[in-house]
Colleague: 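This is the structure, below, for whatever I ask next.
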Amino acid sequence: MARLPVILGLCVLFSCAFAQQTPPPAAGSCVACHGQEGQGAAAFPHLAGLGEAYIRRQLDAFASGERANATMKPIASGLSETQRQAVAAYFSGLKMAPADSASAEPPDGPGRELAVHGRWDQELPACVQCHGPDGRGIGEDFPPLAGQPAGYLENQLKAWRAGQRPAGPQELMGHIAERLDADDLKAVAEYFAALPAATAEAGDD
């Protein structure tokens, strides 16, 4: 009988762990493009490990039309505030698995130069100043860029340049994107896409 409380405790523990990995019903349409584990696919960004407040703000922006996207607008606007919060909490609690496709060494070239050093003669700060070393993200306002699809990153920079997405804190991304030409957009997007996404191990450091 002394073992019974231990067994019951383990059952509760495993049940909780399983429940945390089960997406809420509102996330059903999300996993079709972003993956059951939020790992992303093709041009669809990975959501695993992005900050809860950040994901919620993006869903709210899609719902209101402040962030223009023909696919996300009907999905986000079809969710209640409570459902959007549940979706944000679910994906923020997931961790990215290591990806075999990412480069072992960061690629060199103009994209790396912009990402790591910026271009101060044009008042362009380095991307890593806000998004952290290797683009792993900092806080709730500056999400990780490493490992996101290049096409997705490039399209977001274009959206900021066109005013189709909220420019973020102090409107930084709007000012930055308008100073980048088409070659810059492509190069910096390809640089961050080639970096390994932050994994559970990296996030625990």
Colleague: Hey, could you give me the CZ/CD distance between Arg57 and Glu66, rounded to the nearest 0.5 Å?
Modeller: 11.0 Å

Colleague: Of all the heavy-atom pairs spanning Asp134 and Ala146, show the shortest one and how long it is.
Modeller: O-CB, 3.3 Å

Colleague: Give every donor-acceptor pair under 3.5 Å between a side-chain atom in residues 40-54 and any protein atom, sequence neighbours left out.
Modeller:
unit_1	atom_1	unit_2	atom_2	d
Glu52	OE2	Gln85	NE2	2.5
Tyr54	OH	Arg165	NH2	2.6

Colleague: With side chains defined as the heavy atoms from C-beta onward, is the minimum distance between His117 and Arg112 less than 4.5 Å?
Modeller: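 A side-chain contact exists here, since the closest heavy-atom pair is under 4.5 Å.
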
Colleague: For the backbone of Ala61 and the side chain of Arg67, can you confirm whether one donor and one acceptor N or O come within less than 3.5 Å of each other?
Modeller: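 Judged by distance alone, no pair lies under 3.5 Å.
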
Colleague: For residues 169-179, run the donor-acceptor check on the side chains, cut-off 3.5 Å, and write out each pair with its distance to 0.1 Å, sequence neighbours left out.
Modeller:
unit_1	atom_1	unit_2	atom_2	d
Arg179	NE	Gln122	O	3.1
Arg179	NH1	His175	O	2.8

Colleague: Is there a side-chain contact between Asp183 and Pro110, using heavy atoms and a 4.5 Å cut-off?
Modeller: no

Colleague: Between Arg161 (side chain only) and Leu180 (backbone N and O only), is there a donor and an acceptor less than 3.5 Å apart?
Modeller: yes

Colleague: Any heavy-atom pair between the side chains of Asp184 and Leu124 that's under 4.5 Å?
Modeller: no

Colleague: Of all heavy-atom pairs between Ala193 and Ala150, which one has the smallest distance, and what is that distance?
Modeller: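 In this case the closest contact between Ala193 and Ala150 is CB-N, 3.5 Å.
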
Colleague: Could you tell me the separation between the CD1 atom of Ile55 and the SG atom of Cys30, rounded to the nearest 0.5 Å?
Modeller: 9.5 Å

Colleague: Measure from the side-chain N and O atoms of His131 to the backbone N and O of Pro143, and report whether any donor-acceptor pair falls under 3.5 Å.
Modeller: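 Yes, the answer is positive, given that a donor and an acceptor are paired below the 3.5 Å cut-off.
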
Colleague: Which heavy atom in Asp60 sits nearest to a heavy atom in Arg84, and how many Å separate them?
Modeller: OD1-NE, 2.7 Å

Colleague: How far does CZ of Phe192 sit from CZ of Arg136, to the nearest 0.5 angstrom?
Modeller: 12.0 Å

Colleague: Taking atom CD of Gln164 as the centre, report whether more than 12 heavy atoms of other residues, nucleotides or ligands fall under 6.0 Å from it.
Modeller: yes

Colleague: With heavy-atom distances below 4.5 Å as the criterion, would you say the side chains of Trp160 and Pro166 are in contact?
Modeller: no

Colleague: How far apart are the closest heavy atoms of Phe62 and Ala76, and which atoms are they?
Modeller: CB-CB, 3.6 Å

Colleague: Going from CD on Gln83 to CG on Leu59, what distance comes out if it is rounded to the nearest 0.5 angstrom?
Modeller: 11.0 Å

Colleague: Crowded around Lys73 NZ? As in, over 12 foreign heavy atoms under 6.0 Å?
Modeller: yes

Colleague: If you look at every heavy atom in Cys130 and Phe142, which pair is closest and at what distance?
Modeller: O-CB, 3.1 Å

Colleague: For Gln129 and Ile138, work out which heavy atoms get closest and say how close.
Modeller: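 In terms of heavy atoms, the two residues are closest at O-CD1, 4.4 Å.
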
Colleague: Within this structure, what is the CD-CD distance for the pair Gln148 and Glu154, rounded to the nearest 0.5 Å?
Modeller: 14.5 Å

